[in-house]
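Indexing begins at 1, ligand by ligand and atom by atom, following the structure's order. Given the structure is predicted, the values throughout are model-derived calculations rather than measurements.
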Amino acid sequence: MTYGLISDIHANLEALEAVLTELRGVDVFLCMGDIVGYGADPGPCLERVRALPRLICVAGNHDLAAVDKYDLHWFNPFARAAIQWTAQQLSSEQKSYLGDLPPIAHADGAVIVHGSLPDEMDYITAPDEARLCFDAMPGDLAFIGHTHVTEYYRTRRGSRFPEQVALWSGGAIELKDGIRYIVNAGAVGQPRDGNPAASFGVWRVEARVIEIKRVAYDIEGAQAKMKAAGLPEYLIERLAIGR
Ligand code: ZN
């Protein structure tokens, strides 16, 4: 069994297509949320993701905010402007799909959530925050998104001191007995770890390995569409530097 790991697509169709090309042939897609928000193609990205033959997808904060199910005061002015624009681009049927996405899902013993546990919209950026999630995890493996930083946390069962491991250029995680993992496969559509290439992963269950990969995409094409849509300049510029 192979799972394609995608998260934080953020309405970037150019990045999404590049990643889906790399993920051809996986059995099931796991999406850790934020299909929309920031980018110029919320509707087309949503249609592309929901049409994947086998998909397990949880809600992100931008997905919910775009359908009035998450308070806009949590967002900075640039994100808020993009969410308000996004809401105007989606049909009511598309909105109800986003609004019905579950907060948590499960696959092969792994838990899938946008940000963390027990609060799905918390951020994990450091070992202390990872510890809260490890304490609340039912099993030994969690897939998250939300920070747009490609990395993972690991800890021995019973230990209180998780270790943080950067994977900004990609790499493989070999899953070992007695070790617990929180894996952030990074952002497809708006990386913030200094690497502008789209980030994604493949989980090979029987081989007990998670591969994290980066793929270049047409950043200028995505930026041109955002400019034409009148989205904030700051959001356009950050795609090129991956911040
Ligand atoms: Zn996001």
Side-chain angles (χ1 to χ4, degrees), residues 5-16 18-19 29-46 48-49 56-67 69-87 89-90 97-99 101-105 112-117 119-125 129 133 142-152 167-168 182-201 212 214 217 219 222 226 231-232 234-239 241-243:
L5 310 173
I6 55 175
S7 188
D8 296 278
I9 296 154
H10 283 297
N12 186 336
L13 189 62
E14 286 71 21
L16 177 61
V19 164
F29 286 87
L30 303 183
C31 176
M32 278 63 76
D34 278 358
I35 299 170
V36 304
Y38 294 132
D41 280 315
C45 284
L46 173 56
R48 189 74 171 89
V49 169
I56 298 172
C57 184
V58 296
N61 52 330
H62 287 254
D63 301 322
L64 297 181
V67 302
K69 288 195 166 185
Y70 197 72
D71 200 322
L72 280 180
H73 91 260
W74 289 103
F75 297 89
N76 68 47
F78 304 108
R80 204 178 303 148
I83 287 164
Q84 285 163 336
W85 180 86
T86 298
Q89 313 305 313
L90 298 169
Y97 180 87
L98 288 176
L101 288 172
I104 295 174
I112 297 123
V113 66
H114 185 54
S116 184
L117 292 171
D119 183 336
E120 299 93 22
M121 298 310 174
D122 271 352
Y123 290 86
I124 300 181
T125 61
E129 293 157 354
C133 185
F143 291 108
I144 62 164
H146 203 23
T147 65
H148 303 202
V149 171
T150 311
E151 62 179 6
Y152 73 101
L167 281 176
W168 302 342
I182 298 169
V183 177
N184 191 331
V188 170
Q190 195 206 73
R192 291 180 194 162
D193 51 21
N195 181 351
S199 192
F200 65 101
I212 303 295
R214 307 296 288 247
Y217 73 94
I219 293 175
M226 291 172 76
L231 286 158
Y234 168 74
L235 299 178
I236 299 172
E237 286 169 12
R238 70 188 304 178
L239 290 184
I241 52 170
R243 289 286 178 200

Legend entry - Residue-atom pairs from the protein, N, O or S only, that lie under 2.8 Å from the Zn ion (ligand 1): Asp8 OD1, His10 NE2, Asp34 OD2, His148 NE2
Legend entry - Shortest non-hydrogen separation from Gln190 to Leu235 and the atoms involved: NE2-CD2, 4.3 Å
Legend entry - Minimal non-hydrogen separation, Ile104 against Glu120, with atom names: CD1-OE2, 3.7 Å
Inset, instruction - Ignoring hydrogens and angles, tell me if any N or O in the side chain of Asn12 forms a donor-acceptor pair with the backbone of Gly189 under 3.5 Å. - result: yes
Inset, instruction - Ignoring hydrogens and angles, tell me if any N or O in the side chain of Asn184 forms a donor-acceptor pair with the backbone of Glu151 under 3.5 Å. - result: no
Inset, instruction - Determine the interplanar angle of the His62 and His10 rings, folded into 0 to 90°, and report it as parallel if under 30°, tilted if 30 to 60°, perpendicular if over 60°. - result: perpendicular
Legend entry - side-chain contact (heavy atoms from CB on, under 4.5 Å) between Ile9 and Cys31, worked out: CA-CA 9 Å; Ile9 296 154; Cys31 176; 4.2 Å; yes
